[in-house]
Trainee: 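Here you go, one structure.
Source: prediction; values computed, not measured. All residue numbers refer to positions in the sequence shown, counting from 1.
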Amino acid sequence: MGKKDPEVWEIIIEAITAVAVCVFFGLQIYYAYIYESGILTMFYHLAPVVLLYVGMTVLQIYPELLNGSSEVLQEAVRMYAVRMVRNSKLLLIVGVLAPSVADAISVEMNAAYSLFIMVGVIGTIGYYIFRIYRYNSSSKK
């Protein structure tokens, strides 16, 4: 299966996600400096985001891992899986970044914020699973 060239919106989503991760790292370094936090505290704040970003990037490159096997996915299923992971990664990274930015500008976040992020991620996953299901159902006919 040949690799398709990324579309403009895919590049934009990846760029926004990468910039959000860089801004998050910058804010965490700033907080560590201002509040004189230890290196271990900074590690505890940065490590989950690094693992999330790297793990989801690996899933974008190898969406077959979502299947639990090395079986190559069909072209449309692979496309939907990559989009699902890309959009979920964007929502999760922006979801982690927003409270840090709110702290920096001294704005209090509503407690329901994390619920909205999770609804967005679950909605994205549900949408693409439905699309994969519809594709698989129509291709069996």
Side-chain angles (χ1 to χ4, degrees), residues 1-140:
M1 171 188 300
K3 188 174 183 180
K4 77 174 193 72
D5 292 331
E7 296 180 14
V8 173
W9 65 271
E10 293 172 329
I11 295 170
I12 290 170
I13 289 174
E14 284 299 322
I16 290 170
T17 306
V19 167
V21 166
C22 292
V23 169
F24 178 78
F25 283 1
L27 285 172
Q28 292 306 314
I29 292 169
Y30 169 75
Y31 293 148
Y33 175 75
I34 294 297
Y35 297 117
E36 298 175 2
S37 299
I39 201 81
L40 196 58
T41 303
M42 196 163 77
F43 174 76
Y44 288 147
H45 290 178
L46 295 179
V49 175
V50 169
L51 291 174
L52 176 72
Y53 187 79
V54 169
M56 293 195 78
T57 301
V58 167
L59 282 177
Q60 267 182 258
I61 297 169
Y62 302 110
E64 289 79 14
L65 295 173
L66 291 170
N67 222 12
S69 69
S70 60
E71 179 183 333
V72 177
L73 297 175
Q74 297 171 0
E75 187 174 332
V77 173
R78 181 180 175 84
M79 176 189 64
Y80 290 142
V82 169
R83 287 180 183 174
M84 176 181 68
V85 173
R86 179 182 299 119
N87 293 340
S88 296
K89 180 173 72 170
L90 173 67
L91 285 172
L92 287 170
I93 295 297
V94 169
V96 170
L97 173 65
S100 296
V101 171
D103 285 345
I105 59 175
S106 300
V107 173
E108 187 175 335
M109 296 286 295
N110 189 340
Y113 168 76
S114 59
L115 178 66
F116 291 132
I117 293 297
M118 283 296 107
V119 166
V121 170
I122 291 170
T124 300
I125 292 170
Y127 171 75
Y128 282 109
I129 286 175
F130 178 71
R131 296 286 303 257
I132 290 169
Y133 173 77
R134 279 190 35 204
Y135 173 78
N136 286 336
S137 295
S138 67
S139 66
K140 288 181 182 178

Trainee: Which heavy atom of I132 sits nearest a heavy atom of A81, and at what distance?
Mentor: CD1-N, 4.3 Å
Trainee: With a 4.5 Å limit on heavy-atom distance, are the side chains of M109 and D103 in contact?
Mentor: no
Trainee: Which distance, rounded to the nearest 0.5 Å, do you find between the CG of L92 and the CD1 of I117?
Mentor: 8.0 Å
Trainee: Could you walk me through whether V85 and Y128 pass the side chain to side chain contact (heavy atoms under 4.5 Å, CB included) check?
Mentor: CA-CA 10 Å; V85 173; Y128 282 109; over 6 Å; no
Trainee: Enter the distance from R83:CZ to E7:CD here, rounded to the nearest 0.5 Å.
Mentor: 6.0 Å
Trainee: Test K89 against every option in V94, L59, T57 by the side chain to side chain contact (heavy atoms under 4.5 Å, CB included) rule and name the one that passes.
Mentor: T57
Trainee: Test side chain to side chain contact (heavy atoms under 4.5 Å, CB included) on V21 and F25; report intermediate values, then the result.
Mentor: CA-CA 6 Å; V21 166; F25 283 1; 4.0 Å; yes
Trainee: Specify whether Y80 and Y135 have parallel, tilted or perpendicular ring planes, treating 30° as the upper limit for parallel and 60° as the lower limit for perpendicular.
Mentor: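 Geometry flag for Y135 against Y80: perpendicular rings.
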Trainee: Do you see a donor-acceptor pair shorter than 3.5 Å between the side chains of Y127 and N87?
Mentor: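 Checked: Y127/N87 side chains show no N/O donor-acceptor pair below 3.5 Å.
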Trainee: In terms of heavy-atom contacts, does OH of Y113 have more than 12 from other residues, nucleotides or ligands at under 6.0 Å?
Mentor: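 Yes, the 6.0 Å shell around OH holds more than 12 heavy atoms from other groups.
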Trainee: Do M42 and S37 come close enough that some side-chain heavy atom pair is under 4.5 Å?
Mentor: no
Trainee: Nearest 0.5 Å please: distance from the CG atom of L46 over to the OG1 atom of T41.
Mentor: 11.0 Å
Trainee: Taking all atoms of both residues into account, what is the closest heavy-atom pair of T124 and S88, and its distance?
Mentor: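 Closest approach of T124 to S88: CG2-OG, 3.9 Å.
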Trainee: Identify the heavy atoms of G95 and P99 that sit nearest to each other, and give their distance.
Mentor: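 The answer is O-CD, 3.1 Å.
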Trainee: Roughly how far, to the nearest 0.5 Å, is the CZ atom of F24 from the CD1 atom of I93?
Mentor: 8.0 Å
Trainee: Is there a side chain to side chain contact (heavy atoms under 4.5 Å, CB included) between M56 and R86 once you walk through the steps?
Mentor: CA-CA 8 Å; M56 293 195 78; R86 179 182 299 119; over 6 Å; no
Trainee: So, taking the atom named OG in S137 and the one named CZ in F130, what distance separates them when rounded to the nearest 0.5 Å?
Mentor: 9.0 Å
Trainee: Taking atom CG of L40 as the centre, does the number of heavy atoms from other residues, nucleotides or ligands within less than 6.0 Å exceed 12?
Mentor: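 Yes, enclosed.
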Trainee: Does the side chain to side chain contact (heavy atoms under 4.5 Å, CB included) test come out yes or no for R131 and M84, once each step is laid out?
Mentor: CA-CA 10 Å; R131 296 286 303 257; M84 176 181 68; over 6 Å; no
Trainee: With rounding to the nearest 0.5 angstrom, report the CG to CD1 distance, N136 to I129.
Mentor: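 Between atom CG of N136 and atom CD1 of I129 there are 11.5 Å.
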